[in-house]
Amino acid sequence: MSGHHAAPVRTPFLTRGSAAVLAVALIGIAVYLSRMLLGLGRFTNLTDQWPWGIWIAIDVATGVALAAGGFTSAALVYIFGRERFHPLVRPALLTAALGYTFVVIGLLADLGRWYNVWHPMLPSMWQGNSVLFEVGMCVMVYLCVLYIEFVPIVVERFKGKVALRGALAGLNRPLEGILRLADATLSRFIWVFIIAGVVLSCLHQSSLGTLMLIAPAKMSPIWFTPVMPALFLMSAIAVGFPMIIFESMIASRSFGRPAEMHLLSGLARMIPFLLGVYALAKVADLTLRDAWPHVFAGGAQSTMFLIELIGGVLLPLALASMERIRRSPAGLFVTATLIVLGVALNRINVFLVAYRPPFTETTYAPAIFEILLTSGLIATLVLVYRAAVLVFPVIPAPESAPAEHLSRVNVPVRIAPAAAGVFQPTDGTES
Amino acid sequence: MTLDRRGFLKLAATGTAVAAGSLAAAEAGASTGASAHDAANAFGVLVDTTLCIGCRKCEWGCNQANDLPKRERADFDDKTVLETHRRPDVTAFTVVNRVAAPPEVRQAAFAKIQCMHCVHPACASACIVGALRKQPEGPVTYDAWKCIGCRYCMVACPFQIPAYEYSRALEPRVMKCSFCFDRIVKEGRQPSCIENCPEEALTFGRRDDLRALAHAKIAANPDRYLDHIYGESEVGGTSWMYLAGVDFARADLPPLDNQAPPVLTETIQHGVFKNFVPPVALYGLLGLVMLSHRRRDGETGEEE
Ligand code: SF4
Ligand code: SF4
């Protein structure tokens with residue numbers, strides 16, 4: 001599983017755009033730390049009626065769904081043998097690894113006793129009936145798997161190039177040894193982790209859909225269905241490739257490169273089928289449960305559902321079915337974006353809009369701090385991604401410049417100078 | 001190669017069949033509906049809303065017996081609070097509300113609300129660390145030390161009972177009635193609210209006996225009571241049960257299914273994990289698919 005000509009991107013870390021993102025990130029981090037010290041009450045609009053808000057619906061539920069590009073691309077390339085999409089695997093893997101990391105960071109903010117987050121790992125507290133327990137354990141193991149899958153990228157970058165200076169120079173040989181060992185063992189066993197990653201993803205993507213089934217009396221019949229786990233899995237699989245397309249096109253633009261249309265259009269050819277299966281299941285489910293009257297009953301829930309179904313599923317399905325659209329960068333980007341937003345809206349709908357507690361005097365709308373924290377996490381994720389692709393060979397090298405050349409440029413390794421300024425102080429592992 | 005393919009397909013089919021079979025088995029087996037509830041001996045309470053006079057003495061008793069912000073006895077003589085609809089919160093595990101009765105019902109009715117101590121509680125099934133637990137004696141108890149504060153229990157409770165100490169920076173707790181667990185199980189006494197009720201609107205006893213008592217009351221006074229014991233079968237039964245003369249929904253007792261909410265989630269959950277067969281089968285299946293492509297690549301060389 002070689003690098004397929006991926007190379008660190010050579011571009012400054014800080015541009016005007018990323019400086020703006022950095023500002024959002026810093027505000028979010030400040031809110032985050034304050035919330036951890038001062039409690040939930042001051043920073044959220046959560047109440048006894050509305051125990052879950054956007055930190056669960058967006059940071060956790062939507063975060064997990066949109067990280068689905070990781071397991072779908074791994075399955076496509078390594079399991080179903082579609083080698084030609086190999087260049088897309090690394091960016092998707094990085095997104096998944098960072099996405100899940102931020103899911104955990106976001107979840108911590110929502111936990112009243114975040115310092116007890118390790119409790120579910122103690123066998124004495126295992127609670128096999130709890131759907132949340134299963135989701136938590138799967139996400140934790142999957143996160144480890146994602147990091148392991150990322151190791152070969154680190155090895156490729158640093159093997160034979162570890163050259164720490166000064167006091168740390170003594171670590172060069174041990175570090176080199178670790179990299180070599182990782183290289184030797186992982187290349188032989190990486191398949192174990194790749195398959196495990198796909199299985200774990202299927203498990204917790206679907207279990208996320210089981211979570212709200214514990215509250216039948218509080219859930220709108222538009223969304224409440226015993227097959228919700230299946231719908232969650234199908235939508236996660238359907239959103240994987242669109243998410244890869246969405247990100248790849250944004251990254252290309254941000255790095256001033258042409259979009260990789262030859263690969264992305266090919267990937268998009270699978271969307272009509274994957275999204276079609278989800279659309280069909282959704283429509284069939286509503287029909288079998290006689291739930292259409294609720295859909296057309298009017299009100300906020302009906303409206304949100306119709307936006308989700310038409311704007312986020314049916315419209316992009318129609319668009320993705322047209323080859324002309326799949327081949328045009330603008331058309332493809334719009335299609336992918338609609339699907340991503342559609343699945344995001346589905347998660348928000350299921351966890352927030354569909355939830356109607358029986359004794360309500362208030363409604364929930366996120367507090368300004370909830371919004372600042374969520375946007376801050378997303379901004380931080382974007383920046384870490386940017387830093388990572390400047391350091392590691394993740395993104396396919398542009399075709400105009402031969403990859404071999406690029407990856408050899410950096411021989412005694414130092415972090416891309418532009419990244420160092422901002423990235424170093426926050427990253428203790430490099431110096 | 002063809003042989004490999006055929007063998008692979010056969011194996012794949014077997015794997016899928018095993019996975020599907022175990023799912024079906026899990027769904028058929030009702031063992032997932034298990035609860036720690038000891039049906040023969042568990043305690044319960046019968047609340048007769050037609051006897052309640054809204055004196056709020058139970059609220060006072062609860063305040064005294066629990067780790068709640070302490071209030072003066074006189075605070076509970078204030079009857080104006082009965083004009084507003086209240087819910088239990090972090091300062092009160094139980095509250096009494098006036099039951100909005102239609103004009104033709106002359107007698108004012110009141111209803112005390114608190115945790116129902118469900119027979120198969122959604123909150124306990126949801127709890128990620130088992131901090132909420134159904135005790136064989138009936139109470140659903142909370143162990144704050146285990147709790148991680150995810151509030152999934154609050155999402156799960158069909159009666160919207162657990163409250164959360166959002167305003168506490170450190171050690172926030174889920175707050176709800178404990179059925180005075182220590183008091184009734186270790187000290188052999190009655191719950192504090194019940195000891196303080198002057199009208200015998202609350203009857204403490206074995207849940208089974210209380211069901212019989214309730215049926216007898218309804219039979220003796222068919223005009224006074226609706227012919228329904230709320231909590232006898234709602235959400236799979238609750239330890240606290242209610243009699244009323246007017247629609248229960250007016251007393252914050254919503255119409256609910258008789259199936260305990262955890263039956264669905266636990267069936268799905270245990271179906272997916274049945275002896276780890278489905279995950280392992282999926283693993284094997286994917287492994288075979290991977291292998292088949294490797295082989296093919298080996299024969300024909302890389303696609304590109
Ligand atoms: S009423 Fe709610 S909090 Fe009480 S046992 Fe039932 S589910 Fe749990
Ligand atoms: S908030 Fe505490 S008691 Fe409630 S489900 Fe989470 S861990 Fe359990």
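Just so it is clear: chains get the letters A, B, ... in the order the sequence lines come, proteins before strands, and each one is counted from 1.
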Checked A/Val131, A/Leu38, A/Val117, A/Val198 vs chain B; the most non-hydrogen pairs under 4.5 Å come from A/Val131
Just say parallel, tilted or perpendicular for the rings of A/Phe359 and B/His85, cut-offs at 30° and 60°. tilted
If one checks every heavy atom of B/Leu170 against chain A at 4.5 Å, the contacting part turns out to be both
Comparing B/Cys147, B/Ser167, B/Pro261, B/Pro172 against chain A, the one with the most heavy-atom pairs below 4.5 Å turns out to be B/Pro172
Residue set satisfying side-chain contact (heavy atoms from CB on, under 4.5 Å) with B/Ala124, at least two apart, ordered chain then number -> B/Pro121, B/Leu132
One option among B/Val129, B/Thr265, B/Asp257 has the most heavy-atom pairs under 4.5 Å with chain A, and it is B/Val129
Residue from B/Ala260, B/Pro88, B/Gly149 scoring the most non-hydrogen pairs under 4.5 Å with chain A is B/Gly149
Residues at least two apart in sequence or cross-chain that pass ring-ring contact (aromatic ring centres under 6.0 Å, His included) with B/Tyr166, listed by chain then number, are B/Tyr164
Residue from A/Leu107, A/Leu122, A/Thr47 scoring the most non-hydrogen pairs under 4.5 Å with chain B is A/Thr47
- request: Check whether any side-chain heavy atom of A/Lys218 lies under 4.5 Å from a side-chain heavy atom of B/Val155, and answer yes or no.
  value: no
Okay, B/Ala249 and chain A: the region with an atom under 4.5 Å from a heavy atom over there is neither
Tightest non-hydrogen contact, residues B/Met290 and A/Ile194, listed as CE-CG2, 4.2 Å
Most contact-rich option vs chain A, by heavy-atom pairs under 4.5 angstrom, among B/Met175, B/Gln259, B/Arg87, is B/Arg87
Turns out that what part of B/Leu286 lies under 4.5 Å from chain A's heavy atoms comes down to both
Among B/Cys127, B/Ala131, B/Ala122, B/Pro254, the residue with the most heavy-atom pairs under 4.5 Å to chain A is B/Cys127
If one checks every heavy atom of B/Phe159 against chain A at 4.5 Å, the contacting part turns out to be backbone
